Amino acid sequence: MLEYAKYISRCLQLAELGRYYVAPNPMVGAVLVYGGDDVDGLSEERIIGEGWHKQYGGPHAEVNCFASVRPEDEGKIKDSTLFVSLEPCSHFGKTPPCADLIIRKGVKRVVVGLLDPNPQVAGQGISRLRANGIEVVVGVMEAECRELNKRFLCLHEKHRPYVILKWAQTADGYMDRKRPIPPAGELSTTTPLVISTPLSKCEVHKMRAENMAILVGSNTALLDNPKLTTTHWVGRNPIRVLLDRRRRVPKASNIFSADAETIVYSDNTEWTYVLADLAKRGIHSVLVEGGAQVLNHIIESGIYDEVHVEQGEMRIGEGIKAPEGQMKD
């Protein structure tokens with residue numbers, strides 16, 4: 001008897017390989033297993049194909065999985081079970097429906113970790129497979145599959161991006177020394193307090209690569225002139241989001257450099273509006289690295305999903321107090 005959890009676990013391992021390249025699509029892995037049910041003498045159990053979604057706009061996991069099958073194993077597909085971490089798509093997007101490919105390949109069974117909440121799929125892929133005589137099992141390692149694609153799921157279930165708040169603070173709870181805000185159109189010449197270590201900076205850049213967008217307010221842009229890139233990790237630079245209600249940040253700022261797209265909110269910087277607009281743009285996650293004012297505004301709204309705080313060892317006695325928001329239950 002096939003161990004469903006074992007092969008869905010392998011699907012999740014494969015899906016992880018696309019973490020930094022597939023957004024806003026979900027991470028998906030697929031494994032094709034021949035035999036294993038001792039039916040018609042097929043007691044042999046062997047993986048004959050594996051694949052994952054490698055890049056946004058590219059072939060899906062199921063397509064890559066079938067493509068990996070060796071010519072001498074093609075005849076075994078009809079006696080195989082396809083394991084996939086997320087429901088196969090049933091619509092024409094940038095690629096044809098994977099459900100139709102599975103039907104053409106003639107596998108006897110499909111085991112799915114999680115249903116796809118995207119309204120273009122939402123159970124239709126499963127229904128199409130079953131309507132064509134394929135046995136379908138759903139919900140294997142569902143919690144683990146949800147955790148892997150929590151950003152994608154948030155966009156389609158809550159209709160907003162997944163929100164992660166991140167800041168660094170001193171041992172006595174300060175984010176920075178008090179520095180004067182420069183006049184509109186000018187950047188600060190003061191030096192920000194450095195709390196992060198080279199190792200923690202890599203972790204921050206990893207978080208940037210995992211999320212589609214990164215957000216700061218105008219004070220952070222003026223005082224720190226950040227690039228908000230992923231130079232210390234693999235993956236794409238996130239889309240930069242700037243809240244600049246009074247249009248103070250000059251175009252010469254690093255936040256407007258050509259190495260990433262920048263979205264600016266000036267006329268309406270209310271958090272609910274910003275999230276709704278980012279969702280309309282298909283942005284499934286946002287990492288907030290703003291200052292205390294922006295972070296406290298978001299914490300007061302209650303609309304966020306995770307908080308990551310880097311605790312430094314230094315003490316400065318006074319300065320800009322860090323937010324007191326805690327990780328949600």
Side-chain angles (χ1 to χ4, degrees), residues 18-27 56-57 93-94 116-122 146-167 204-221 226-230 235-249 253-308 323 325 328:
R19 177 173 290 276
Y20 305 111
Y21 307 103
V22 302
N25 284 354
M27 294 171 274
Y56 176 69
K94 291 184 178 296
D116 189 338
N118 184 338
Q120 293 181 301
V121 185
R146 288 192 64 87
E147 175 63 23
L148 177 71
N149 279 308
K150 58 189 176 183
R151 295 165 176 83
F152 170 80
L153 295 172
C154 186
L155 179 63
H156 291 286
E157 294 176 348
K158 298 183 178 179
H159 311 293
R160 66 164 175 82
Y162 192 89
V163 178
I164 300 175
L165 311 182
K166 181 272 168 189
W167 68 85
V204 171
H205 284 224
K206 175 177 179 288
M207 292 176 66
R208 291 178 180 179
E210 290 173 339
N211 293 283
M212 285 191 69
I214 181 169
L215 182 146
V216 298
S218 56
N219 284 350
T220 296
K227 294 181 180 179
L228 306 179
T229 57
T230 60
R236 301 174 296 186
N237 289 332
I239 297 167
R240 294 174 294 214
V241 179
L242 172 65
L243 306 183
D244 188 15
R245 187 164 51 86
R246 292 184 296 225
R247 297 178 171 83
R248 295 182 297 154
V249 180
S253 302
N254 287 329
I255 202 168
F256 292 112
S257 61
D259 49 12
E261 177 186 353
T262 303
I263 301 171
V264 181
Y265 292 96
S266 297
D267 296 328
N268 191 339
T269 58
E270 284 300 313
W271 186 230
T272 53
Y273 170 81
V274 170
L275 286 179
D277 187 70
L278 291 175
K280 289 179 182 177
R281 297 170 185 261
I283 295 173
H284 72 22
S285 54
V286 57
L287 174 65
V288 180
E289 287 194 37
Q293 184 174 334
V294 168
L295 289 166
N296 282 322
H297 172 67
I298 295 173
I299 290 170
E300 288 170 6
S301 78
I303 309 175
Y304 60 97
D305 300 285
E306 295 182 17
V307 175
H308 293 255
K328 287 192 167 186

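Count residues from 1 along the sequence. Everything numeric in this text was worked out from a predicted model, so none of it was measured.
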**Message:** Run the side-chain contact (heavy atoms from CB on, under 4.5 Å) test on Y265 and L215 for me, step by step, so that the C-alpha distance in whole Å, both residues' side-chain angles and the decisive distance to 0.1 Å come before the verdict.
**Reply:** CA-CA 11 Å; Y265 292 96; L215 182 146; 5.8 Å; no
**Fill in**
In terms of heavy-atom contacts, I299 and P323 come closest through CD1-CB, 3.6 Å
**Message:** On a heavy-atom basis, which atom in L275 and which in P161 lie closest, and how many Å separate them?
**Reply:** O-CD, 3.4 Å
**Complete:** Looking only at heavy atoms, the pair that brings A209 and G235 closest together is CB-CA, 4.5 Å
**Item:** Contacts of R146 that satisfy salt bridge (Lys or Arg N to Asp or Glu O under 4.0 Å) - sequence neighbours left out
**Value:** E157
**Asked** In chain order, what residues pass the side-chain hydrogen bond (donor to acceptor under 3.5 Å, both in side chains) check against N237, with sequence neighbours excluded?
**Response** T230
**Message:** Restricting to non-hydrogen atoms, name the atom on Y304 and the atom on I298 that form the minimum distance, rounded to 0.1 Å.
**Reply:** CD2-O, 3.9 Å
**Asked** In chain order, what residues pass the side chain to side chain contact (heavy atoms under 4.5 Å, CB included) check against S285, with sequence neighbours excluded?
**Response** R151, Y162, N211, M212
**Prompt:** Are any of the side-chain heavy atoms of T272 and R160 separated by less than 4.5 Å?
**Reply:** no
**Message:** Among V286, V163, I164, which residue satisfies the side chain to side chain contact (heavy atoms under 4.5 Å, CB included) criterion with D305?
**Reply:** V163
**Asked** Does the side chain of R248 come within less than 4.5 Å of N219's, by heavy atoms?
**Response** yes
**Request:** Output the distance between atom CZ (F152) and atom CG (N118), rounded to the nearest 0.5 Å.
**Result:** 5.0 Å
**Prompt:** Which atoms form the tightest heavy-atom contact between S266 and D244, and what is the distance?
**Reply:** OG-O, 2.9 Å
**Prompt:** For the side chain to side chain contact (heavy atoms under 4.5 Å, CB included) test, which of L243, L242, I239, V274 pairs with I263?
**Reply:** I239
**Request:** List in chain and number order the residues that pass side chain to side chain contact (heavy atoms under 4.5 Å, CB included) with K227, two or more places apart in sequence or in another chain; answer none if no residue qualifies.
**Result:** T229, N254
**Prompt:** Can you tell me if D277 uses its side chain to pair, donor with acceptor, with the backbone of Y273 under 3.5 Å?
**Reply:** no
**Message:** Just to verify, what does H297 make a side chain to side chain contact (heavy atoms under 4.5 Å, CB included) with, not counting sequence neighbours?
**Reply:** E270, W271
**Prompt:** Would you say Q293 has more than 12 foreign heavy atoms packed within less than 6.0 Å of its CD?
**Reply:** no
**Prompt:** Can you list the residues that meet the side-chain hydrogen bond (donor to acceptor under 3.5 Å, both in side chains) rule with D259, with sequence neighbours excluded?
**Reply:** R240, S257
**Request:** Applying side-chain hydrogen bond (donor to acceptor under 3.5 Å, both in side chains), name anything that partners E261, two or more places apart in sequence or on another chain.
**Result:** none
**Request:** Write down the atom of G57, the atom of N25, and the distance for their closest heavy-atom approach.
**Result:** N-ND2, 4.3 Å
**Asked** Sequence neighbours excluded, which residues qualify as side chain to side chain contact (heavy atoms under 4.5 Å, CB included) partners of R245?
**Response** T269
**Complete:** Separation between NE2 (H156) and CG (N149), nearest 0.5 Å, reads 10.0 Å
**Prompt:** Any salt bridge (Lys or Arg N to Asp or Glu O under 4.0 Å) pairs touching residues 289-302, not counting sequence neighbours?
**Reply:** R208-E289
**Complete:** dist M207:CE -> K166:NZ (nearest 0.5 Å) comes out at 7.5 Å
**Prompt:** Would you say the side chain of I255 lies within less than 4.5 Å of the side chain of L228, judging by non-hydrogen atoms?
**Reply:** yes
**Message:** Could you tell me if the side chain of V307 sits less than 4.5 Å from the side chain of W167, heavy atoms only?
**Reply:** yes
**Asked** With Y21, which residues qualify under side-chain hydrogen bond (donor to acceptor under 3.5 Å, both in side chains), at least two apart?
**Response** none
**Item:** From NZ (K150) to CG (L148), nearest 0.5 Å
**Value:** 9.5 Å
**Request:** Show your working on side-chain contact (heavy atoms from CB on, under 4.5 Å) between V288 and L295 and close with a plain yes or no.
**Result:** CA-CA 8 Å; V288 180; L295 289 166; 3.8 Å; yes
